[in-house]
Amino acid sequence: MDRSAAVPSSPLARAEQFVWLTARVLEQRRFAYHFLGGGADPVETALTAYLGDDGGYGHALEPDLRGPHSRPQHAAHALRVLDGIGRCGGRRAEGLCRYLTEITTPDGALPAHRPAPPGAPVASGGPTASGSPAASGGPAADDPAGDLLTTGPVVGLLHRNDVWHAWLFRATDFCWAAVAALEERAAPRAEEVLAAVAFLDGAPDRPRALAAAERLGRRVRKQGLVALDPEAARDTPPQQGHPPGRRIFVHEVAPTPAAPARAWFTDAEVERSLDFLADSQCEDGGWPLRRSTRAPGAALESRPIVTIEALLTLRAYGRAL
């Protein structure tokens, strides 16, 4: 019996097998929508399982944040899912904006690390003083300040989908000020650059957004915040604040040709990064996770998400799948 026909050969077929074998229901539904002609309703239904009574999202929707309680990072993840299926609006967005209003910091933004509600259960990953696992990257503060890392992606996605809510006014002003401060900072972190780009991608004042993106791009290139040669980046020390092996690549900053950061790079630099992305598919059909996680379950649940993002980026640039 010839078994060769049963072995997936194309990158998409190998990734499909990986998703069916390892992914959560949400990622399985997302894969079916984006690559197999599936509907949007099953994706939205699967996402609803992560919705809390407060209008926010929890239950480890963002796999690195364990526990049932809502977090700003989960809100950003939910919006990316809804944006991908064209459902980022209506009552779902209104309810989420009410939740965002409730957790807004005095400066009108979202906190990076928010304490869990009193009595919330402790999950694996290291409890904070509030009785919940801290967000990846730092402990939860009892009185957190606003942060571009959490606010930028949420505001950008809401604007990109023409969602208007009173919460957005101050949050948008916060993002503009944070991006301007980032342009002047001596050593911005690469993750902050990603958050700034996510905001600028959807900011409603397009001339202002493109001008800010151009200035930020000059700083990024000058300081080498993005690995222009992915292969060489394997042998260079990690950026301060990142675990060994974690790098920010061109295809992460500019995941589509329409991304504002695409203009920062030459065609050759983009193609080299896409080659690296395509060649990074693992033997099991999934893409590797290039960051540390707080719990083994988070790593297992994150790889299908990374795999879908890789496929979407490759397809956006016209790479064969």
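- Under the rule for a ring-ring contact (aromatic ring centres under 6.0 Å, His included), the partners of H159 that lie at least two apart in sequence or sit in another chain are W164.
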Practice task
Quick one: do R206 and D201 satisfy salt bridge (Lys or Arg N to Asp or Glu O under 4.0 Å)? Show the steps, please.
Solution key: CA-CA 9 Å; R206 297 314 300 159; D201 183 46; 5.3 Å; no
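- For the ring-ring contact (aromatic ring centres under 6.0 Å, His included) test, residues two or more places apart in sequence or in another chain that qualify with F31 are F35.
- In this structure, R303 forms no cation-pi arrangement with W287, as its terminal cationic atom is not both closer than 6.0 Å to the ring centre and no more than 45° off the ring axis.
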Practice task
Output, in order, the C-alpha distance, side-chain angles, deciding distance and verdict of salt bridge (Lys or Arg N to Asp or Glu O under 4.0 Å) for E44 and R87.
Solution key: CA-CA 8 Å; E44 193 166 6; R87 297 285 181 88; 2.5 Å; yes
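- Salt bridge annotation for R91-E94: absent, with no cationic side-chain nitrogen under 4.0 angstrom from a carboxylate oxygen.
- Side-chain contact between H165 and T101: present, with at least one pair of heavy atoms (C-beta onward) separated by less than 4.5 Å.
- There is a side-chain donor-acceptor pair under 3.5 Å between T48 and R92.
- A donor and an acceptor atom, one from each side chain of E62 and H74, are nowhere located under 3.5 Å apart.
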Practice task
Evaluate the salt bridge (Lys or Arg N to Asp or Glu O under 4.0 Å) criterion for residues R30 and E309: first the C-alpha distance (whole Å), next the side-chain angles of each, then the deciding distance (0.1 Å), finally the verdict.
Solution key: CA-CA 10 Å; R30 288 184 65 203; E309 291 172 350; 5.6 Å; no
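- Atom OH of Y317 is separated from atom CG of L312 by 13.0 Å, given to the nearest 0.5 angstrom.
- Side-chain contact check for H251 and S273: at least one donor-acceptor pair (N or O, by modelled atom type) lies under 3.5 Å.
- Of all the heavy atoms in L26 and L47, the pair that sits closest is CD1-N, 3.9 Å.
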Practice task
Just do the salt bridge (Lys or Arg N to Asp or Glu O under 4.0 Å) check on R221 and E269 with the steps written out, would you?
Solution key: CA-CA 12 Å; R221 292 193 67 95; E269 289 166 347; 2.9 Å; yes
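- Annotation for W264 and V253: closest pair CZ3-CG1, 3.5 Å, computed over non-hydrogen atoms.
- Cluster annotation: L321 is connected to V306 through the hydrophobic network of ILVMFWY side chains, with a link wherever side-chain heavy atoms come within less than 4.5 Å.
- The backbone N or O of T45 sits nowhere less than 3.5 Å from a side-chain atom of R29 that would complete a donor-acceptor pair.
- Contact of the P72 side chain with the Y99 side chain is registered, since non-hydrogen atoms from C-beta on lie closer than 4.5 Å.
- Residues I305 and L65 are members of separate hydrophobic clusters, defined by side-chain heavy-atom contacts under 4.5 angstrom among Ile, Leu, Val, Met, Phe, Trp and Tyr.
- In summary, the side chains of R170 and T104 do not present any donor paired with an acceptor at a separation below 3.5 Å, with no hydrogens or angles considered.
- With a 6.0 Å radius and a threshold of 12 heavy atoms from other residues, nucleotides or ligands, R160 has its CZ atom at or below the threshold.
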